[in-house]
2 protein chains.
Amino acid sequence: MELDERKKKILKAVIRNYLETGEPVGSRTISKYTDLNLSSATIRNEMADLEEMGYILQPHTSAGRIPSDQGYRFYVDTMMEEKDREMVELKEMLLERQDKMETLLKQVAKVVAQNTQYAAMISAPSTHRNKVKFIQLSRVNPEQILAVIVVEGNVIKNNIIPVTEEISDETMLKLNILLNTHLNGRSIEEINLGMIAALKAQAGVHGNIVGEVIDAVGDAIKADEDLEIYTSGTNNIFRYPELADNGKASELVGTFEEKQQLGSLIQESLEDEAGTGIQVYIGDEAPIKSMKDCSVVTATYELGEGMKGTIGIVGPKRMDYDKVIGTLRTIQSKLDELYKKD
Amino acid sequence: MELDERKKKILKAVIRNYLETGEPVGSRTISKYTDLNLSSATIRNEMADLEEMGYILQPHTSAGRIPSDQGYRFYVDTMMEEKDREMVELKEMLLERQDKMETLLKQVAKVVAQNTQYAAMISAPSTHRNKVKFIQLSRVNPEQILAVIVVEGNVIKNNIIPVTEEISDETMLKLNILLNTHLNGRSIEEINLGMIAALKAQAGVHGNIVGEVIDAVGDAIKADEDLEIYTSGTNNIFRYPELADNGKASELVGTFEEKQQLGSLIQESLEDEAGTGIQVYIGDEAPIKSMKDCSVVTATYELGEGMKGTIGIVGPKRMDYDKVIGTLRTIQSKLDELYKKD
DNA sequence: TGTTAGCACTCCTGTGAGTTGAGTGCTAAC
DNA sequence: GTTAGCACTCAACTCACAGGAGTGCTAACA
């Protein structure tokens with residue numbers, strides 16, 4: 001059977017109505033609130049067809065229809081009319097410049113959650129294939145040396161190294177030069193065991209310091225990889241009865257707290273980039289099973305230098321996709337501006 | 001009226017029973033499950049007295065009794081029998097040494113949540129009245145200077161300062177000496193406007209760099225104050241019907257996500273230290289209003305050098321206080337050991 | 001005087017019947 | 001192809017009623 005123009009209109013009307021009310025929608029409603037000028041009986045026939053084709057379904061015989069996952073998918077793919085969202089709070093927020101990435105991200109998540117009334121998450125931007133940019137050893141006091149490692153993307157790692165023996169200024173200088181000449185500009189793949197051994201040999205009795213520094217380098221690059229994720233508005237899930245029942249709510253809250261679980265979502269969204277960087281997962285499409293009754297919309301954002309992160313919104317399947325996607329687009333461009341201004 | 005031995009026994013029995021079942025407990029139950037050998041009628045008389053005195057209450061006329069906040073309070077203050085908790089996971093966890101404070105705290109929170117089946121939170125230890133320990137400026141590349149500030153307690157703050165003019169090695173050295181001689185060992189109160197002005201004047205054209213460094217010093221000390229808090233097991237609240245209903249659950253989840261709100265609790269628990277450092281807040285006693293139907297137990301822990309943090313457990317009023325307090329005590333001592341081993 | 005048995009009373013809880021109403025599918029007429 | 005009409009379905013609500021747990025009170029007992 002074919003999905004002609006009229007069927008599409010009806011499907012759209014069903015979905016729109018259901019997104020608003022959350023109640024199954026009947027033929028009479030459609031007949032009244034569309035410009036099709038068709039009687040409810042005709043609508044009923046069409047709806048029976050749509051059901052057969054899998055776009056909508058009936059919770060029970062004598063109820064109206066609700067969209068199926070396939071229906072939502074069709075809607076998202078072909079019928080959406082993105083709303084342009086103006087977010088006052090966001091503008092204000094970005095006016096007072098955030099120095100700390102963490103604060104910025106938390107704020108963005110908060111604004112998104114407040115604007116959409118869904119749960120929001122955001123991952124810190126991560127660069128891949130980091131290279132060492134700069135290393136600095138300094139003596140804090142006779143027993144402690146501070147190692148600062150800066151890797152590309154200005155991720156900074158500090159490490160305090162305890163030392164037993166006295167270390168002269170000269171030695172410190174030597175170690176600094178040694179480390180910088182050999183490690184700067186190197187990626188983690190380039191720093192191999194042979195190199196490490198050679199460096200340690202050159203450092204002589206202070207080989208252990210070199211060892212610690214190299215460990216810290218590894219950490220600095222890795223730390224960047226185990227992505228930090230911030231969430232906001234988790235409690236918005238209680239707004240939607242279909243998610244708020246005990247079992248589901250508990251699972252979802254758990255997932256949002258155990259942020260690692262969200263990692264797979266972030267990952268997938270970063271990899272599978274198609275054009276605009278906005279992805280919609282409906283029900284089982286998301287890689288997290290506790291979200292099987294949810295829809296998830298993710299957007300990748302870029303903060304320059306290939307620093308990519310992901311923003312995600314989790315809500316019920318009857319999510320206001322138009323609004324959500326509009327919001328995410330706005331955020332994308334604001335973040336872009338923000339970087340350019342820097 | 002006086003609270004004689006028998007009344008106490010009955011009160012204890014009512015509370016114990018209610019903690020287990022969560023159902024109002026009737027006179028017959030008490031008569032059967034205590035060694036008092038009294039008939040239900042007698043128990044009823046006593047229970048009427050206990051109700052009049054405010055220790056227990058009736059949800060409705062024909063129901064059993066449940067403890068009032070006052071009843072819980074009395075129980076916690078005078079009748080508890082702490083259980084010694086052995087936590088296998090904790091031991092294992094602490095065996096594999098955690099290098100990162102953050103990971104350690106998250107793990108502790110997780111273990112506590114899993115062991116108690118309540119929601120857990122933990123604040124990072126913070127030292128008060130920090131002093132600057134060490135400052136180091138270094139040139140990452142011609143346009144960027146990295147400032148590293150170490151304050152007491154080894155809190156480290158990095159700041160990248162963009163510069164337009166070329167800065168010579170000599171100037172860098174001078175700036176380093178200038179900053180270190182004047183700022184090291186100073187607390188935030190000691191660094192006043194006059195001092196800042198003087199430093200800027202001495203730095204001449206590079207006054208802006210000094211300004212940025214001083215801002216960073218402020219941040220480093222402040223960063224330590226706006227406490228980091230980690231949570232775990234938020235979804236445990238769904239185990240307890242009295243907390244799981246939509247409105248309450250939503251509020252609680254919100255509170256746990258907005259970690260600042262938990263700050264007041266942490267603060268209070270740190271200040272009001274009476275001996276063991278364990279505090280019990282029943283209902284309204286806690287400074288957070290979304291927890292009015294909860295009980296909160298907090299414990300301060302010390303990681304040496306006056307680094308104090310707080311662990312908290314949030315659950316229903318019918319919390320297994322004995323177990324929770326036992327657990328917290330165990331954690332306290334384990335963390336203590338951990339520090340000593342260092 | 002303290003304890004207990006007995007009894008009427010309260011009130012939550014569960015159940016089953018009956019009603020309502022929204023919505024459907026089908027048929028026949030337009 | 002569209003529509004009016006009608007019988008049918010089924011969740012949701014209401015209501016009455018029974019059951020049961022628990023109480024308070026009274027009177028009797030040790």
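Just so we're on the same page: letters track the sequence lines, and every chain starts at 1.
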Subject >> Main-chain N/O of B:Pro67 paired to B:Arg318 side chain as donor or acceptor, under 3.5 Å >> reply: no
Given atom [atom1] of [X] and atom [atom2] of [N], what is their separation to the nearest angstrom?
{"X": "A:Ile66", "N": "C:dT24", "atom1": "CD1", "atom2": "P", "result": "13 Å"}
{"X": "B:His60", "N": "D:dG20", "atom1": "NE2", "atom2": "P", "result": "17 Å"}
{"X": "B:Asn45", "N": "C:dG2", "atom1": "CG", "atom2": "P", "result": "11 Å"}
{"X": "A:Glu46", "N": "D:dT2", "atom1": "CD", "atom2": "P", "result": "7 Å"}
{"X": "B:Lys32", "N": "C:dT4", "atom1": "NZ", "atom2": "P", "result": "16 Å"}
{"X": "B:Lys7", "N": "C:dG2", "atom1": "NZ", "atom2": "P", "result": "10 Å"}
{"X": "B:Arg44", "N": "C:dA8", "atom1": "CZ", "atom2": "C1'", "result": "12 Å"}
{"X": "A:Leu36", "N": "D:dT2", "atom1": "CG", "atom2": "P", "result": "10 Å"}

Original post:
Mapping B:Thr61 and B:Leu38 onto DNA chain C by nearest heavy atom, which one lands closer to the 5' end?
Top reply: B:Leu38
Original post:
Of B:Pro59 and A:Glu51, whose nearest nucleotide on DNA chain C comes first from the 5' end?
Top reply: B:Pro59
Subject >> Strand partner of C:dA29, provided both Watson-Crick or wobble distances fall under 3.5 Å >> reply: D:dT2
**OP:** Please determine, for D:dT9, whether a Watson-Crick or G-U wobble partner exists with both distances under 3.5 Å, and give it or none.
**Re:** C:dA22
Subject >> Sugar-phosphate only, base, or nothing, as touched by A:Ser40 at under 4.0 Å among non-hydrogen atoms >> reply: nothing
Original post:
Contact class for B:Ala63 (heavy atom, under 4.0 Å): base, sugar-phosphate, or nothing?
Top reply: sugar-phosphate
Original post:
Between the side chains of A:Arg16 and A:Tyr75, is a donor N or O closer than 3.5 angstrom to an acceptor N or O?
Top reply: yes
Original post:
Any chance the side chains of A:Thr327 and A:Thr116 put a donor and an acceptor closer than 3.5 Å?
Top reply: no
Give a yes/no on whether any side-chain N or O of [X] is located under 4.0 angstrom from OP1 or OP2 of [N].
{"X": "B:Arg65", "N": "D:dG22", "result": "no"}
{"X": "A:Arg28", "N": "C:dG21", "result": "no"}
{"X": "B:Arg6", "N": "C:dT3", "result": "yes"}
{"X": "A:Ser39", "N": "D:dT2", "result": "no"}
{"X": "B:Thr42", "N": "C:dT4", "result": "yes"}

**OP:** Identify which nucleotide among D:dT23, D:dA4, C:dG25 has an atom closest to any side-chain atom of B:Gln58, counting heavy atoms from C-beta outward.
**Re:** D:dT23
**OP:** Could you check which of C:dT24, D:dT23, C:dA5 has an atom nearest any side-chain atom of B:Ser27?
**Re:** D:dT23
**OP:** Could you tell me whether the side chain of A:Ser62 has a donor or acceptor atom within less than 3.5 Å of a complementary atom in the base of D:dT9?
**Re:** yes
**OP:** Give the ring-plane orientation class for A:Tyr72 versus A:Tyr18, where under 30° counts as parallel, over 60° as perpendicular and anything between as tilted.
**Re:** tilted
Original post:
Is B:Met53 close to B:Leu3 at the side-chain level, that is, under 4.5 Å between some pair of heavy atoms?
Top reply: yes
**OP:** Tell me, yes or no, whether the heavy-atom count around B:Arg28 atom CZ, taken from other residues, nucleotides or ligands under 6.0 Å, exceeds 12.
**Re:** no
